[in-house]
There are 2 protein chains.
Amino acid sequence: MTISEENYLKVIYHLSLVSPKGVNTNAIAGMLDTKASSVTDMLKKLAEKDVVTYKKYQGVSLTNNGLLQAKKIVRRHRLWEVFLVEKLQFTWDEVHEIAEELEHIKSEKLINSLDAYLDFPAFDPHGDPIPNEKGEIKKQEKQLLSEMPTGVVCKCVGVKDSSADFLQYLDKQKITLGSEIKILEKETFDELIKVEVDAKEVILSNKIAVNLYVQ
Amino acid sequence: MTISEENYLKVIYHLSLVSPKGVNTNAIAGMLDTKASSVTDMLKKLAEKDVVTYKKYQGVSLTNNGLLQAKKIVRRHRLWEVFLVEKLQFTWDEVHEIAEELEHIKSEKLINSLDAYLDFPAFDPHGDPIPNEKGEIKKQEKQLLSEMPTGVVCKCVGVKDSSADFLQYLDKQKITLGSEIKILEKETFDELIKVEVDAKEVILSNKIAVNLYVQ
DNA sequence: AATTAAATTTAGACAAAACTAAAAATATTT
DNA sequence: AAATATTTTTAGTTTTGTCTAAATTTAATT
């Protein structure tokens, strides 16, 4: 598998978690910053290789084999992210770009040794689950901050949007993985949420609340 | 720079250490397992980019810029090798292939963090020097085992041939980086060398002796 | 010095992965 | 249901890095 093919597989995997009944050509093009016609070409090739099932105009889905391959790529990506944060002191907003490259290094021995070296982490620095060697994923129950009722104390366990911009904004508010968040007040009119983090009161917009997973 | 261009630069660098007055097209083709015509094409492109000076039929050499680039690639390669051996328990014969891939990950921050994490190693697992951030290389004085006189005790500090086959052969003889080697007898007729390693007598062929650096 | 051999370059072609522009299929409106 | 809009596919190019085969230059021999 080429790097390009791997990137397609990965994107199809992520999109199929949201739309399990078939992923759109355009959606893939959007994620990969390429053109729909290029996607069509690649889908044919991937179908040839039996990693996706593809019918003209009907979108694609992963085959069992394709799913396993995709999980391996995600596994590599997330393990490297853990490495960068835990061992090389990167912050959670810096790791994605580099992991995009590292994820394509394919040695099984490398990735399993890395996994052991990191003590078999179940989640990456953004709270996303890391598939194990067999592709099994430990599901974590989590809810969006926006869905939590007033008064409760919850813990930040992940982000939906893991863009550097969002993560840096969270840093500015002293919110990070594991932060305790107490919901003080929810304003129904403009959906602002007043919370307490680090013994300080903070106002969070809805845009933040719908992108923050808590438990 | 593409991966392919980096591979050419790296090979030209290694070859220019042996033939500083210009590297042959054929030599490059041999190292990269490609054809001379492909090399010619690439040399033109690299000359365009000012990383090599190239004159038809005269071979190539690196420009100052090209030399720095090449050293960066070598630096990355060797740092990853140290990482694999020191942190992930790889053996010295397993690391080259994987480092061939890892060397193309280009984040400066990544490589400098890795360097610090590994405590700024000066040599890789085969005894080859690791350029620092500025491209400076710490030279180590070393001689081939074949050049040492009878009677002396020396220490293995590197290998000239770092192929897996050779390294595994050395492992079988219990010779590794840092091994003390006492030269007991040199046979002039067939150039076999009797040495003592690990309190055991071993006979080494000339092929071994001309590929083992000692101090 | 002429001839042969070896190394190198040119010319033309190919595969991968992208693109543009146009055509076809599906969805959505009116 | 017809018209329009959107999505997807096809057809034909482009770029990168490779190849083969032929031509050219340099090196080695006789």
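What you are looking at is a predicted structure, and each value in this text was computed from that prediction instead of being measured. Protein chains get the first letters and strands the later ones, always in sequence-line order, with residue 1 at the start of each.
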**Study point:** Salt bridge Glu133(B)-Lys72(B), side-chain N to carboxylate O under 4.0 Å
**Key:** no

Point to revise | Lys207(A)/Asp161(A) salt bridge by N-O under 4.0 Å criterion | key: no

**Study point:** Electrostatic pair Glu6(B):Arg76(B) at N-O distance under 4.0 angstrom
**Key:** yes

**Study point:** Position toward the 5' end of DNA chain C (nearest nucleotide), Glu5(A) or Lys55(B)
**Key:** Lys55(B)

Check your understanding: Taking only side-chain nitrogens and oxygens of Tyr54(A), does any of them come within less than 4.0 Å of OP1 or OP2 of dT9(D)?
Key -> yes

Point to revise | Rounded interatomic separation in angstrom, taking CD1 from Ile28(A) and P from dT8(D) | key: 9 Å

Practice item. Using atom NZ of Lys44(B) as one end and atom C1' of dT18(D) as the other, report the distance to the nearest whole Å. Key: 14 Å

Check your understanding: Is the side chain of Thr2(A) donor-acceptor paired with the backbone N or O of Glu5(A) at a distance under 3.5 Å, no angle test?
Key -> yes

Exercise for review: Please state how far atom CE in Met1(A) lies from atom P in dA16(C), giving the value in whole angstrom units.
Suggested key: 15 Å

**Study point:** Side-chain ion pair, Lys186(A) and Glu191(A), N-O less than 4.0 Å
**Key:** no

Review point. Side-chain N or O of Asn26(A) less than 4.0 angstrom from OP1 or OP2 on dT8(D)?
Key: yes

Exercise for review: Could you run through nucleotides 18-26 of chain C and give me one letter per nucleotide, 5' to 3': B if any protein heavy atom sits under 4.0 Å from the base, S if only the sugar-phosphate is that close, - if neither?
Suggested key: SBBB--BSS

Check your understanding: Is the shortest side-chain N/O distance from Asn24(B) to OP1 or OP2 of dA7(C) below 4.0 Å?
Key -> no

Check your understanding: If you measure from the Lys or Arg side-chain nitrogens to the Asp or Glu carboxylate oxygens, is any gap between Lys106(B) and Glu101(A) under 4.0 Å?
Key -> no

**Study point:** By side-chain contact (heavy atoms from CB on, under 4.5 Å) - contacts of His77(B) (at least two apart)
**Key:** Glu81(B), His96(B), Ala99(B), Glu100(B), Glu103(B)

Check your understanding: Checking side chain to side chain contact (heavy atoms under 4.5 Å, CB included) against Val202(A), which of Ile181(A), Val195(A), Ile193(A) comes through?
Key -> Val195(A)

Check your understanding: Using the benzene-type ring in the case of Trp, are the ring centres of Tyr8(A) and Tyr13(A) under 6.0 Å apart?
Key -> no

Practice item. Could you check which residues of residues 96-105 of chain A get a heavy atom under 4.0 Å from DNA chain C? Sort them by number, please. Key: none

Exercise for review: Measure the distance from CG on Leu43(A) to C1' on dT7(D) and round it to the nearest whole Å.
Suggested key: 13 Å

